[in-house]
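Numbers here are sequence positions counted from 1. Excluded from the calculations below are hydrogen atoms, water molecules and symmetry mates; all remaining heavy atoms, backbone and side chain alike, are included.
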Amino acid sequence: MTRYADDHRPLDRTPAGMTYGVLAPHFGEHATPKRIIDGAVLAEQAGFEAIWVRDHLIWQPHGMEGTDQTFVEAFACLAAIAARTTKIHLGTAVLIPIRWPLKLAQDFASLSFLAGGRVIAGLGLGSGQNELGAAGFRRKDRKPIFVETTKILPLVWEHDSVSFDGTMFSFEDVTIEPKPVEKIPMWYGGTTEISVRNAVDHCHGWMPGRIPLATLDARLELLDDLSAQAGRRVTRSAIPLVKVDRDRNVARSGIDVGALAGSSEASSTWVMPKGGFNTVDDLRGIVCAGEPKEIVEQVAELGERGLDHVVFDLRLQYDDYERTLDLIGEEVLPQLRSIRA
C-alpha cells in the first residue's frame, strides 16, 4: 500500500496567490521535439508551476490551429519532459476515455516514478465517436468508462491484489508496480454544468477550457453549492487562450472573434455576454490578449473569482513560443505574483 498525504493538492492557490501552467506545443505545424522538450525547460525557468498536454487519437485541428495533423501522444511528451525538468508539474488537460483503466493507471504511475511525483491526472469524456470507436469503445459508454476509471485508478495506485467488478471493466488480483511516488490528483475537464457535477462527484479538481467570464461565474456558483453539499474542496482552474506582445496591436491581431465564440463544443451552453460576442474584449475568459500589463489584469480578473490555477494556452503563438515564454517569465508572472491572494 502506498503511503502519502491524502490531501495532496500541489497546484492549489497559496497565500502568495494562484499557481500557473502552460500548454505544451505538442500539436500542429510548430510541434518539434526541441520545442516540446526545451520549451518545457524554459517554462520551468520562467516560473510556471505546471506544463499540460492535450489528448487525441484522431485529431482534426480547429481553424485557429491550421491544417497540420501532427499530434504527439500525451504520455510520450510528459515522459520526455520529465527527463529534462525537476520541479514543474506534469498534467493532462485532459485525457479522453480511449484507454483501458489499468493501462492508464500504469502510465500515470510510471510517469510519477520517472518524474519523482509531480503528476496531475486530468480526465474528460471526449466527444467524437471516431476516436472512441477507433479505440474500441462506444460513445454512449463514455460516462460509465469515466466513472469506473476514477474508481479503478486510486485502487491500484494505493493497494495490491486489487479486484474490481464493474459494468464496463472487471479484473481480479491485480498489482501494479511501481506505485506513484505521491498522490495523483484527478481533475475533470469541461465547461458545462454536468462537468462541474462530474468534478465534484468523482475528482479533486475542475478544469474548464475556454470559457466566458459570465459562464465561469455561473459554473463557480454551482461548484460552490455542490462542494458545500458534498463537504469537500475542489481545485478550480481555467485554460484561456493567451496572446501577448509588447506591441498591443500585434497581440490582438489575428484573433477571430466569431470563430472563438463558437469554437467549443459546449458553447451552446454558455451564458452569453450582453450583446453577444463582437469584439476581442467580449471574449474575456476565453482569450487574454494584449501587452504584458493587460495580460496581468485579465489573468488577475480570473484570480478574483477564486481560481487556484490558470493555464496559459499559447497555441496562437506557437511559432514564437520560446520568446513568448521569456516575455511572460520576465513581465507577466512576476507582476501576478506581486498580487496577494
Side-chain angles (χ1 to χ4, degrees), residues 11 13 17-25 27 43 46 48-54 62 64-65 91 93-94 122 124 187 189-192 195-196 205-220 223 235-245 248 251-267 269-273 277 279-318 321 324-325 327-329 331-333 335-336 339:
L11 297 179
R13 173 187 290 254
M18 291 188 294
T19 60
Y20 302 98
V22 65
L23 187 64
F27 53 91
F48 284 100
E49 281 92 356
I51 191 155
W52 297 86
V53 293
R54 300 168 68 198
H62 296 291
M64 63 180 170
E65 297 166 328
V94 292
W187 292 12
T191 63
T192 63
S195 76
V196 175
W206 176 56
M207 185 176 225
R210 298 184 297 280
I211 184 170
L213 288 183
T215 309
L216 178 61
D217 290 340
R219 302 294 185 260
L220 288 174
L223 182 64
T235 301
R236 306 146 174 257
S237 63
I239 315 176
L241 286 165
V242 176
K243 192 159 186 254
V244 57
D245 196 276
R248 186 173 192 269
R252 293 168 68 92
S253 67
I255 296 175
D256 189 330
V257 175
L260 286 174
S263 62
S264 169
E265 291 163 357
S267 56
T269 71
W270 285 349
V271 179
M272 301 292 286
F277 297 106
T279 69
V280 172
D281 291 329
D282 292 332
L283 296 172
R284 295 289 274 265
I286 299 174
V287 176
C288 298
E291 299 172 284
K293 65 179 181 179
E294 293 178 285
I295 301 301
V296 171
E297 292 169 358
Q298 293 166 39
V299 174
E301 195 172 22
L302 295 172
E304 291 167 1
R305 287 159 164 80
L307 294 189
D308 296 288
H309 185 68
V310 172
V311 180
F312 287 56
D313 180 347
L314 300 177
R315 75 182 73 181
L316 299 179
Q317 291 181 293
Y318 276 170
Y321 185 67
T324 304
L325 286 177
L327 179 58
I328 293 171
E331 300 189 28
V332 176
L333 292 184
Q335 292 185 57
L336 284 169
I339 303 172

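Atom CG of L11 sits about 4.5 Å away from atom CH2 of W187, to the nearest 0.5 Å. In this structure, CD1 on I211 lies 7.5 Å from CG on L220, to the nearest 0.5 angstrom. Note that CG of D245 is 11.0 Å distant from CD of E294, once rounded to the nearest 0.5 Å. Atoms CZ and CD, from F27 and E65 in turn, are 5.5 Å apart once rounded to the nearest 0.5 Å. Note: L260 CG to L316 CG = 7.0 Å, rounded to the nearest 0.5 Å. Rounded to the nearest 0.5 angstrom, I239 CD1 and I286 CD1 are separated by 13.5 Å.
Aromatic ring pairs are classed by plane angle as parallel below 30°, tilted from 30° to 60° and perpendicular above 60°; the pair H309 and W52 is tilted.
V22 is not listed as a side-chain neighbour of I328, based on a closest heavy-atom distance of 4.5 Å or more. At a threshold of 4.5 Å between non-hydrogen side-chain atoms, the residues P25 and L314 do not count as touching. Residues P292 and V244 meet the side-chain proximity criterion, which asks for heavy atoms closer than 4.5 Å. Inter-residue side-chain proximity for I339 and E304 is flagged as unmet; no heavy-atom pair is nearer than 4.5 Å. Using a 4.5 Å heavy-atom cutoff, the side chains of F312 and L325 are not in contact.
A donor-acceptor pair is defined here as one N or O able to donate and one able to accept, closer than 3.5 Å; no such pair exists between the side chain of R210 and the backbone of L241. Within the 3.5 Å criterion, the main-chain N or O of A214 finds no donor-acceptor partner in the side chain of D217.
Contact detail for S195 and W206: the closest heavy-atom pair is OG-NE1, 3.1 Å. Taking every heavy atom of both residues into account, P208 and T191 meet most closely at CB-CG2, 3.8 Å. Residues A289 and A251 share a closest heavy-atom pair of CB-O, 4.0 Å. Across all non-hydrogen atoms, the minimal contact from V299 to M18 is O-CE, 3.6 Å. K243 and Q317 get closest at one heavy-atom pair: CA-OE1, 3.4 Å. Of all the heavy atoms in R13 and D308, the pair that sits closest is N-OD1, 3.0 Å.
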Please walk me through it: do D281 and Q298 pass side-chain contact (heavy atoms from CB on, under 4.5 Å)?
CA-CA 10 Å; D281 291 329; Q298 293 166 39; 5.9 Å; no
Determine, stepwise, if the pair L302 / L213 fulfils side-chain contact (heavy atoms from CB on, under 4.5 Å).
CA-CA 8 Å; L302 295 172; L213 288 183; 3.7 Å; yes
I would like to know whether V257 and D282 meet side-chain contact (heavy atoms from CB on, under 4.5 Å); could you show each step before the answer?
CA-CA 9 Å; V257 175; D282 292 332; 5.7 Å; no
I would like to know whether V332 and Y20 meet side-chain contact (heavy atoms from CB on, under 4.5 Å); could you show each step before the answer?
CA-CA 11 Å; V332 176; Y20 302 98; over 6 Å; no
